[in-house]
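Within every chain, numbering begins at 1; the chains are lettered A, B, ... in the order of the sequence lines, protein sequences first and strands thereafter.
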Amino acid sequence: MRLFDLNDPQLRAVKQTQGPVLILAGAGTGKTRTITARIAYLISEGVPPEHILAVTFTNKAADEMRERVAHAVAPEKAKLVTVSTFHALCVRILRQDIEKLGYKGNFTIYDQSDATGLIRQIIHRVAAKDEKLEPSVAQNAISKAKNLGVDAPSSDAETETLAGAVFARYQRELKRLNAVDFDDLLLLAVKVLRDHDDVRAKWRGRYHYLMVDEFQDTNRLQLDLVRHLAAGEPPNVCVVGDDDQSIYGWRGADVSNILEFERHFPRPTVVALEQNYRSTGHILDLANSLIRHNPRRRAKRLWSAEGEGKKPQLVGAPDDREEALYAVQELHRIGHDFAVPWKQFAVLFRTNAQSRLIEEALRERNIPYRIVGGKSFFDRREIKDVLAYLSLLLNTADDVSLLRVIQAPPRGIGEATVERALDFSIEHKCGLLAALQHPDFHGVLAKKTREAIKTFVAFLDRFETRMFEPLAKYADVTKELLNESGYLEDLKRGCKDEAEFDRRSEAIHELLLDLERHQEKSRNNGLREFLDKLSLDREKDEDDKEKDAKDGVTLITLHAAKGLEFDYVYVLGLEEGLLPHERSKNEGTLDEERRLLYVAITRARKQLTLLYCRGRLRYGQVLPRQASSFIRELDTRHYETVNWHQQVNAPVEESAGLSAFARMKAMLGG
DNA sequence: CCCGCTGTGATTTTT
DNA sequence: TCACAGCGGG
């Protein structure tokens with residue numbers, strides 16, 4: 001690592017290896033480079049690389065850091081550094097020590113939708129006829145509680161409520177299924193470290209230097225985890241983050257972790273990185289002028305050595321259609337006139353629904369685009385089905401997977417039978433698979449159903465044996481399983497046309513290829529690892545080449561844009577009620593809304609356009625809108641207001657009549 | 001089992 | 001308006 005590439009504060013952060021260190025890394029200030037340099041420096045100072053642990057939130061960040069470490073130090077040393085996400089780290093801890101908590105080591109990890117399904121089931125079972133509870137609402141509440149370290153309703157009174165009862169039941173069911181959800185990974189890891197001195201000692205002995213990225217996004221459990229892992233007195237914990245970019249409070253992230261770092265780790269070295277290498281001056285000053293209005297924050301001021309640049313623009317459009325047309329027309333013009341590749345442009349918005357008008361406008365002009373987010377590869381039905389088969393073979397107590405598998409394909413075990421088996425399993429406190437096989441259960445069934453169950457159970461047995469035979473190839477066995485179960489046939493039957501079946505079976509094929517590659521690399525226990533990795537990393541790694549080659553405008557939510565940067569950025573919907581969002585007023589999270597806009601502004605390298613409209617089509621009606629109160633907080637010296645009527649000199653389009661109408665309507669409404 | 005009807009609710013979503 | 005879950009009928 002070339003330390004002379006670093007600026008003074010960065011260098012200070014790198015060289016302070018002992019005790020707690022807080023690096024306040026403003027947007028675009030070279031955070032990752034500083035962390036990487038610090039790891040390299042530790043190694044150059046003689047710290048064994050296997051004693052270094054770096055924790056991130058996303059797999060993407062972990063991959064990136066791993067790669068950069070590999071470039072900074074000798075490969076054989078880089079390999080020994082542990083770079084992991086919070087969740088993956090917890091899986092490692094739990095795979096070794098979860099038995100101390102009464103789970104089995106081969107537990108299944110439920111993703112969001114698995115968990116939702118289970119909660120839906122439980123509500124169905126627990127709720128009285130006149131009671132209603134949205135599964136997602138319950139799931140959110142449960143998640144929030146768990147993120148605070150609570151693993152059961154805190155009082156009898158609470159258990160009396162439907163939500164409380166569902167919570168209690170959900171935790172109990174998970175344990176019975178030998179399954180954990182994402183929050184459990186943290187919760188249980190903290191628990192096992194907290195309650196078992198030997199476990200804590202083991203993990204503390206392993207890592208002597210801890211680094212945590214995006215510390216402003218940590219929740220209470222994650223802070224607890226760090227505290228349990230941090231060894232030494234004072235502990236060598238280096239956290240990196242930016243309180244101004246804390247935008248995940250609604251998911252349990254607790255800014256006070258970074259704001260009150262000194263309380264958790266006394267007498268830290270605090271270094272602020274303020275020199276920004278991304279944006280031009282006006283953009284940074286605009287961002288500074290906004291974020292200044294937040295009361296609780298660590299003072300810092302981004303600056304650039306690269307000059308003022310172009311002033312950001314503020315555009316007020318008559319309605320959302322015009323807003324979209326304006327943004328697209330502008331980026332089209334710039335892209336065209338200056339031959340800027342489309343991937344240097346991004347359109348940012350608060351809610352996913354806002355992307356539609358932009359999409360339409362881009363399509364009209366034949367401009368390629370990509371939408372970040374949306375349905376992932378692993379949410380696809382056929383992929384979930386195959387993974388359910390594999391999970392079930394590894395953990396036959398996993399009823400959620402069993403329920404999925406039992407009806408894909410339909411095999412003569414219908415809903416009624418499953419319902420009865422479920423009741424039986426609850427009554428007799430056994431798993432669903434055990435219930436299906438129980439002689440007492442068979443008593444009440446028709447002969448045909450009994451036979452169907454026998455066939456199914458025998459089928460599972462057979463493939464369990466084959467899958468875990470020595471030298472068995474997982475991918476091959478799975479292929480046979482999908483054929484022999486009739487799954488593929490059923491999949492084909494369910495497809496509208498040949499093309500759809502090709503798409504779906506191709507997806508499965510890809511998955512199995514991944515599995516094959518994975519098994520070749522890892523020795524034993526490879527299937528569990530494979531499933532773990534998939535549950536924790538939803539990103540289907542497209543070929544990097546493919547990704548790079550693809551050019552297109554990025555359409556992305558404000559949240560998802562954090563950490564990214566683009567030459568030209570358009571931020572839509574700076575309106576009261578949208579940004580800040582309506583709900584933030586009730587929830588008292590105006591600061592976080594402000595940070596959200598701050599994050600958006602600081603994404604731009606060269607040029608920034610902020611847009612709002614006076615009327616927005618919502619639920620079929622044009623509603624009058626007011627410009628965001630945040631606009632008043634922006635320093636007028638650092639942006640210019642675009643006069644709509646003068647600016648819009650575009651060729652008259654078919655939309656002209658409509659927009660005049662909309663404008664009139666908006667005027668009348670406002 | 002599949003389809004279409006009806007009612008409902010509608011931020012953000014690293015893992 | 002629109003998407004989607006939950007249902008009743010064919």
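Every residue two or more places apart in sequence or in another chain that forms a side chain to side chain contact (heavy atoms under 4.5 Å, CB included) with A:Ala560 is listed here: A:Ile556, A:Thr557. Partners of A:Arg95 by salt bridge (Lys or Arg N to Asp or Glu O under 4.0 Å), not counting sequence neighbours, listed by chain and number: A:Asp532. Qualifying salt bridge (Lys or Arg N to Asp or Glu O under 4.0 Å) partners for A:Arg356, counting only residues two or more places apart in sequence or in other chains: A:Glu360. Under the side chain to side chain donor-acceptor pair (under 3.5 Å) criterion, A:Arg251 pairs with no residue, sequence neighbours left out. Considering only residues two or more places apart in sequence or on other chains, A:Arg616 meets the salt bridge (Lys or Arg N to Asp or Glu O under 4.0 Å) condition with A:Glu323, A:Glu575. For A:Gln626, there are no side chain to side chain donor-acceptor pair (under 3.5 Å) partners at least two apart in sequence or on another chain. Residues meeting the salt bridge (Lys or Arg N to Asp or Glu O under 4.0 Å) test with A:Lys585, sequence neighbours left out: A:Glu576. With sequence neighbours left out, A:Ala88 forms a side chain to side chain contact (heavy atoms under 4.5 Å, CB included) with A:Ser84, A:Thr85, A:Leu536. Here A:Asn147 pairs with A:Ser143, A:Asp183, A:Asn219, A:Leu221 under the side chain to side chain contact (heavy atoms under 4.5 Å, CB included) rule; sequence neighbours left out.
What separates CG of A:Asn147 from P of B:dT14 is a distance of 14 Å, to the nearest Å. A straight line from CE of A:Met65 to C1' of B:dT14 spans 14 Å, rounded to a whole angstrom. In this structure, the CD atom of A:Gln139 is 15 Å from the P atom of B:dT13, given to the nearest Å. For the pair A:Arg92 CZ and B:dT15 P, the computed distance is 18 Å after rounding to whole Å. In this structure, CD of A:Gln112 is placed 13 Å from P of B:dT12, rounded to the nearest angstrom. Between the P atom of C:dC2 and the CG atom of A:Leu357 lies a distance of 11 Å, rounded to the nearest Å. The distance between atom NZ of A:Lys562 and atom P of B:dT13, rounded to the nearest whole Å, is 12 Å. As a whole-Å value, the separation of A:Ile93 CD1 from B:dT15 P is 18 Å.
A heavy atom lying under 4.0 Å from DNA chain B marks the following residues of residues 576-584 of chain A, by number: A:His581, A:Arg583.
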Could you write out each protein N or O paired with an N or O of nucleotides 1-9 of chain B at a distance under 3.5 Å?
none

Which atom pairs link the protein and nucleotides 7-10 of chain C when you take only N or O atoms and keep those under 3.5 Å?
none

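At a threshold of 4.0 Å, the pair A:Asp224-A:Arg227 does not count as salt-bridged, since none of the basic side-chain nitrogens sits closer than that to a carboxylate oxygen. Salt bridge A:Glu64/A:Arg68: present, at least one basic N to carboxylate O contact under 4.0 Å. Ionic pairing of A:Asp213 and A:Lys31 is present here: one or more N-O contacts between side-chain nitrogen and carboxylate oxygen are shorter than 4.0 angstrom.
Counting non-hydrogen atoms under 4.0 angstrom, A:Glu593 reaches a base of the nucleic acid. A:Tyr248 comes within 4.0 angstrom of a base, heavy atoms only.
Across C:dC4 and B:dT13, the matching P atoms stand 16 Å from one another, rounded to whole Å.
Between A:Asn352 and the phosphate of B:dT11, there is no side-chain N or O to OP1/OP2 separation shorter than 4.0 Å. For A:Asn59 and B:dT15, the shortest distance from a side-chain N or O to OP1 or OP2 is below 4.0 Å. Applying the 4.0 Å criterion to OP1 and OP2 of B:dT13, one finds that A:Thr557 has a side-chain N or O inside that range.
With hydrogens and angles ignored, a donor-acceptor pair closer than 3.5 Å exists between the side chain of A:Arg251 and the base of B:dT15.
Each of C:dC2, B:dT15, B:dT11 was ranked by its minimum atom distance to the side chain of A:Arg356; first place goes to C:dC2. Distance from the side chain of A:Asp217 is smallest to B:dT14 among B:dT14, B:dT13, B:dT15.
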